[in-house]
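Below is one structure, written out as C-alpha cells; comments come after it.
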There are 2 protein chains.
Amino acid sequence: MRIGELAERAGTSTRALRYYEQRGLLSARRTSSGYRDYDEDDARQVREIRALLGIGFDLEETRPFVECLRAGHDAGDECPASLAVYRRKLAELDACIDRMQAIRAHLAGQLEQTERAHAGGSAERAPGPATPAVTAAATLPEPPEPRCALTSGPPAAPAASTKESR
Amino acid sequence: MRIGELAERAGTSTRALRYYEQRGLLSARRTSSGYRDYDEDDARQVREIRALLGIGFDLEETRPFVECLRAGHDAGDECPASLAVYRRKLAELDACIDRMQAIRAHLAGQLEQTERAHAGGSAERAPGPATPAVTAAATLPEPPEPRCALTSGPPAAPAASTKESR
DNA sequence: TCTGGCCTTGACGTCCGCGTCAAGGTCTAC
DNA sequence: GTAGACCTTGACGCGGACGTCAAGGCCAGA
C-alpha cells in the first residue's frame, strides 16, 4: 500500500510516517517510480508506534518495540529491551503521579483556605512569612525526573479526509 | 535593585525576567541610564511566578496572581480570577492523574503478563487480535484536555553564580 | 490529452520558556 | 584612565513531533 493509505489506516498523517522513516523507525520499499510501498508488517509497526506515543512514550522509546516486531515477534513487548522501557516508564509514571498528587493536595488546600477566608471573615489565613503561599509546597517530591508529559489523549486521526495537498 | 540581583534572589535568570516583562507580567522602572530598577513588590511578583511555574502552571496562567498582587493584595490567590485558575488546574490535575494511573496499571499488567510468559512457559499470552497489546488501553480517560506537563521539579536556580556575560 | 489526485524531496513554521551570542553602553574601583 | 562587572536591545537556537508550503513527478480515468 502507499503512504496515504497507511496513514489513514493508522490514524495519522503522511508527514508523521515520513518522520518515523527519517528517524529510522520505519523502512519502506520503493516502487519503480519512487513511491513508498508498505505491507501489513509495516502497518503493524506503525500501530505500535502510535499506541506507545499515545501513552506518553517518546518516539525514541518506541524503537525497541518496533525492532522487536521486525525481529519476528508477535508482540512488540516480548523483547528484553522493551521490558526495560516498560520498567523505566513505570518508575517515571510513579514519580509523576506522586508529584501531581502532592500538587493537587496543595492546590485543594489553598483553594479551601482562601474560599473559607472569603466566606466567614473569622480566621483569615494563618499568618506566615510574606512569601507566595504556593511556595510552601516546595517540599514536593521527584524534581529531576525527565518530565511528566502527556500531550493529550490517545492520538486521534488528525483530520477527517485524506486531503493532504489542499 | 537591578535585574541581576533580582534574578539571583528569585533563583532565576535575567533572561527570564526580561521575558516576563515582555509578556507583560512584570513592569520595571528605569534609572536615568536605562537600567531596570526593581523593588520588593517586584521581587514578590517574581517569586509568585516562579512558584506557580514550578507546579505546572503556564506563564499566562500566572497573570491573575501577579495582577492580584499588584492590586495590593497580600496573597496572589486572594482574587476571584486566581481562584478560577486554581479550580481549572485542579480539574486538569485530576484528569491527568486519572489518565496516568490508568496507563500505569496497563503497563504493570503488560509487564507482569510478559514476564510470566517468559518464566513459566505455560499460558503464553491470552490469544487475541494481532494488534498492539498496548492498544487495548485505548479505553483510557480524558483525551482532549490541554495536556499533562511538568517539565521537572520546582524551578531550581539555573546556575550557581551570577555570571551572565561570560 | 488532460485533469486531478496521489506521490516525491526540501525547507521553513509551530509552541514555550527561556539559553546564548553579539555589539555596545554604564558604572565602580583602582 | 582603564579594567571589568554589570547593564541594554536584538536576534537566533533548542527540543519534539510533526504541520504546511513549494515545486515538481507519476498515474488512472474520461
Side-chain angles (χ1 to χ4, degrees), chain A residues 1-8 10-26 28-38 46 49-50 52-63 146-152 154-159 161-166, chain B residues 1-8 10-26 28-38 46 49-50 52-63 146-152 154-159 161-166:
Chain A
M1 85 193 78
R2 291 185 301 182
I3 196 172
E5 186 184 345
L6 177 56
E8 195 176 4
T12 183
S13 67
T14 62
R15 181 66 178 88
L17 297 181
R18 293 196 194 97
Y19 180 64
Y20 301 156
E21 180 176 336
Q22 187 192 334
R23 312 310 325 266
L25 286 165
L26 218 53
R29 277 111 282 156
R30 297 297 182 122
T31 68
S32 56
S33 59
Y35 286 15
R36 287 174 179 82
D37 187 27
Y38 300 98
V46 173
I49 293 172
R50 299 300 294 176
L52 292 169
L53 286 181
I55 59 175
F57 282 48
D58 292 344
L59 191 54
E60 196 52 41
E61 292 174 325
T62 72
R63 192 179 297 275
R147 70 180 170 193
C148 310
L150 301 181
T151 44
S152 72
S161 60
T162 321
K163 53 177 173 185
E164 180 198 1
S165 58
R166 42 182 297 244
Chain B
M1 85 193 78
R2 291 186 300 184
I3 196 171
E5 186 184 345
L6 177 56
E8 194 176 6
T12 182
S13 67
T14 63
R15 181 65 179 88
L17 297 181
R18 293 197 194 97
Y19 180 64
Y20 302 156
E21 179 178 337
Q22 186 192 334
R23 312 306 330 262
L25 286 165
L26 219 54
R29 277 112 282 156
R30 297 296 183 124
T31 69
S32 57
S33 61
Y35 285 15
R36 288 174 179 83
D37 187 27
Y38 300 97
V46 173
I49 293 172
R50 298 301 294 177
L52 291 169
L53 285 182
I55 59 174
F57 282 48
D58 291 345
L59 191 53
E60 196 52 41
E61 291 174 325
T62 72
R63 191 179 298 277
R147 69 180 171 191
C148 309
L150 301 182
T151 44
S152 71
S161 60
T162 321
K163 53 176 173 185
E164 179 200 1
S165 58
R166 43 182 296 242

- Item | Options C/dC16, C/dT26, D/dT9, nucleotide nearest the side-chain atoms of B/Arg30 | D/dT9

- Message: Between A/Tyr19 and D/dG16, is there a contact of a side-chain N or O with OP1 or OP2 at under 4.0 Å?
- Response: no

- Query: What's the CD-P distance between A/Glu5 and C/dG5, to the nearest Å?
  - Reply: 18 Å

- Query: With respect to the side chain of B/Arg36, which nucleotide from C/dT9, D/dT9, D/dC26 is positioned closest?
  - Reply: D/dT9

- Task: Would you mind telling me which of D/dC7, C/dC18, C/dC6 lies closest to the side-chain atoms of A/Tyr35?
- Result: C/dC6

- Query: D/dC27 phosphate, OP1 or OP2: any side-chain N/O from A/Ser33 under 4.0 angstrom?
  - Reply: yes

- Answer whether the closest heavy-atom distance between the side chains of A/Tyr38 and A/Leu26 falls below 4.5 Å. yes

- Query: Looking at the side chain of B/Arg15, which of C/dC16, C/dC6, C/dG19 is the nearest nucleotide?
  - Reply: C/dG19

- Whole-Å distance between D/dC18 P and A/Leu26 CG? 12 Å

- Query: Contact class for B/Arg2 (heavy atom, under 4.0 Å): base, sugar-phosphate, or nothing?
  - Reply: sugar-phosphate

- May I have the distance from B/Phe57 (atom CZ) to C/dC16 (atom C1'), rounded to whole angstrom? 17 Å

- Item | Of B/Thr31 and B/Glu60, the one whose closest DNA chain C nucleotide lies more 5' | B/Glu60

- Message: With heavy-atom distances below 4.5 Å as the criterion, would you say the side chains of A/Arg36 and A/Arg30 are in contact?
- Response: yes

- Between B/Ile3 and B/Arg18, is any pair of side-chain heavy atoms under 4.5 Å apart? yes

- Message: How many whole angstroms separate atom CZ of B/Arg23 from atom P of C/dC16?
- Response: 8 Å

- Message: Can you identify which nucleotide, out of D/dT8, C/dC6, C/dC18, has its nearest atom closest to the B/Arg18 side chain?
- Response: D/dT8

- Rounded to whole angstrom units, what separation is found between the CE atom of A/Met1 and the P atom of C/dC6? 16 Å

- A/Leu53 has its side chain closest, among D/dC7, C/dG17, D/dA17, to D/dA17

- B/Gln22 has an atom CD; how far is it from atom C1' of D/dC12, in whole Å? 14 Å

- Under 4.0 Å: is that the gap between some side-chain N or O of B/Arg147 and OP1 or OP2 of D/dG16? no

- Message: Between C1' on C/dG17 and CG on B/Leu25, what's the gap in Å once rounded to a whole number?
- Response: 12 Å

- Message: Taking B/Arg63 first and then B/Glu60, would you say they form a salt bridge - that is, a charged N and a carboxylate O separated by under 4.0 Å?
- Response: yes

- Starting at the 5' end of DNA chain D and moving along, which residue's nearest nucleotide shows up first, A/Leu59 or B/Tyr38? B/Tyr38

- Starting from P on D/dA5, measure out to CD on B/Glu8 and report it in whole angstrom. 15 Å

- Item | A/Tyr20 side chain reached by A/Leu53 side chain, heavy atoms, under 4.5 Å | yes

